[in-house]
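Worksheet: the structure to be examined is printed underneath.
Every chain is numbered from 1, with letters handed out A, B, ... down the list of sequences.
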There are 2 protein chains.
Amino acid sequence: MQNGSQNETQKLILEAAKGLLRRYGPDKMTVMDIARLLKMSHANVYRFFRTKSEILDALIDEWLAQIEAFVETIAGREVPASERLEAVVLELHRKRRQKLLDDAEFYETYRRVIELRPDFAEKRREKIFNVFRKLIEAGIEAGEFKAVDSNEAANVLKDASAIFLHPLMIPTVLKEDTETRARNLVRYIVAGISMEPPKAATKRRAGSAPGRRQLQKAV
Amino acid sequence: MQNGSQNETQKLILEAAKGLLRRYGPDKMTVMDIARLLKMSHANVYRFFRTKSEILDALIDEWLAQIEAFVETIAGREVPASERLEAVVLELHRKRRQKLLDDAEFYETYRRVIELRPDFAEKRREKIFNVFRKLIEAGIEAGEFKAVDSNEAANVLKDASAIFLHPLMIPTVLKEDTETRARNLVRYIVAGISMEPPKAATKRRAGSAPGRRQLQKAV
DNA sequence: GAATTTACATATTACAAATTTCGTCATTTG
DNA sequence: CAAATGACGAAATTTGTAATATGTAAATTC
């Protein structure tokens, strides 16, 4: 082969596609465009990807993998599980939101894929779910949380945070103050599974949040 | 007028539109069809509704008003606030889900309206939000809940339940066991704002849920 | 003979003409 | 004169066709 390795050409195609996708969007970006940019025939592209959507899928999966890796590092931090849970949800939200703002065409591609093939990112979603579950188990282990069913609680957290994480919903909450709302959401759920402070009074002043810490008030 | 009152004809138009919408969907259902069915000129229909979408809007609003009324009766039941909150969320979910199953074309119309004009049902959403808030305040009043910020907590509940209530999301969770998940979701949030039982032990057996009651396990 | 290209059949998309619907209004009807 | 209609331009939809893209397989190059 004239080019580098098999793998090398794949990467070149993905890089080219990424740029074209950003500029033209999924409909106007054609396999011909990719081939033209790389000075090869479009047929050759099909040696590396069976279909056009396989290329788009690869780009999305690459992005999701990055986020997943980042989330794993957050989950590994040496801070209380409650803090890690909060950070994970907030960062997942921020990354998606930022993508929508920075690269609308890519986001639209992602949104459509999930809409048409909801199971596309199932593996990735499972990974995130496991992060939730593991963090809840870590919290229980550390005496930070009550001995809830970690699977059940992780499901609740997943469902509850959907409005801030699901690609179909993020565009609808774009204009709003999602940071505070997402933080409150996690804190309420975490408060529900948290151990009570040893000697806290049952009555608190109005407006205070439940659980271990003072919740930040919406602005 | 040959027909009944002004109001009577409006109702006839809406009834005709409801049937045609169910059968043809929003695109294939035309104002001409409605007129044909009622044996009047299509121009006459425009004496009662300024545009086609005004007819569709009226149908949707009628449906939302029904749900709202039902929710108000639930909120007025003579049971603990926690039970009422749970019932309200579950019934809102069931009604929407059922509509999607019974009358897909109507649901699609609704979904599109919310997608294109997110503020369309703002008034109705506010009503539901107020039901949440009022129930939380009732719970606080009754010593059932902690003295949380009712506005904040209602917002959390609204956001958290979006996956089961928002028209864009319901189709995505149709195949899944949403009843149990929705119930768990509400129970976790409610548990978080609930008073602790007076003399409960801090350690519970694994798998038990937080809060006042035993949470039903997912099947 | 592996890598790449040209050639080709199939599927999509794009475009322009014809048809239908939307929404308004002057006119007719009872 | 209240109620309804037919007629009309604008807008949207449908139809038929040309152009382009997708995906495959035979032919060519190195």
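Looking only at atom types and distance, the side chain of Glu144(B) has a donor-acceptor partner in the side chain of Ser82(B) under 3.5 Å away.
The nearest whole Å value for the distance from the CZ atom in Phe48(A) to the P atom in dT24(D) is 16 Å. Regarding Tyr46(A), its OH atom lies at a distance of 15 Å from the C1' atom of dT5(C), rounded to whole Å. Atom P of nucleotide dT6(C) and atom CE of Met40(A) are separated by 13 Å, given to the nearest angstrom. Summarising the geometry, the separation between CD1 on Ile34(B) and C1' on dC22(C) is reported as 12 Å, rounded to the nearest angstrom. Counting to the nearest Å, the C1' atom of dG23(C) and the CD1 atom of Ile55(B) are 12 Å from each other. Put simply, CG on Asp27(B) is 14 Å from C1' on dC22(C), counting in whole angstrom units. Arg47(B) has its CZ atom 15 Å from the P atom of dC25(C), to the nearest Å. The interatomic distance linking Arg36(B) (CZ) with dA4(D) (P) rounds to 19 Å, in whole Å.
Here the nucleotide nearest the side chain of His42(B), chosen from dT22(D), dT4(C), dT24(C), is dT24(C). In the set dT21(C), dT5(C), dT4(C), dT5(C) carries the atom at the smallest distance from any side-chain atom of Ala43(A).
Using a 4.0 Å cut-off between charged nitrogen and carboxylate oxygen, Glu108(A) and Arg112(A) count as a salt-bridge pair. Using a cut-off of 4.0 Å between Lys/Arg side-chain N and Asp/Glu carboxylate O, Asp57(A) and Arg117(A) are scored as salt-bridged. Here Glu15(A) does not pair with Lys11(A) in a salt bridge; the nearest charged N to carboxylate O distance is not below 4.0 Å.
Atoms CD and CG, from Glu179(A) and Leu90(A) in turn, are 6.0 Å apart once rounded to the nearest 0.5 Å.
Between Asp33(B) and Arg50(B), the residue whose closest nucleotide on DNA chain C is further toward the 5' end is Asp33(B). Toward the 5′ end of DNA chain C lies the nearest nucleotide of Asn44(A), the other residue of the pair Lys28(A) and Asn44(A) mapping further downstream.
Across all strands shown, Met32(A) has heavy atoms under 4.0 Å from base atoms, whether or not it also approaches the sugar-phosphate. Using a 4.0 Å heavy-atom criterion, one finds that Ser41(A) contacts the bases of the nucleic acid, with or without backbone contacts as well.
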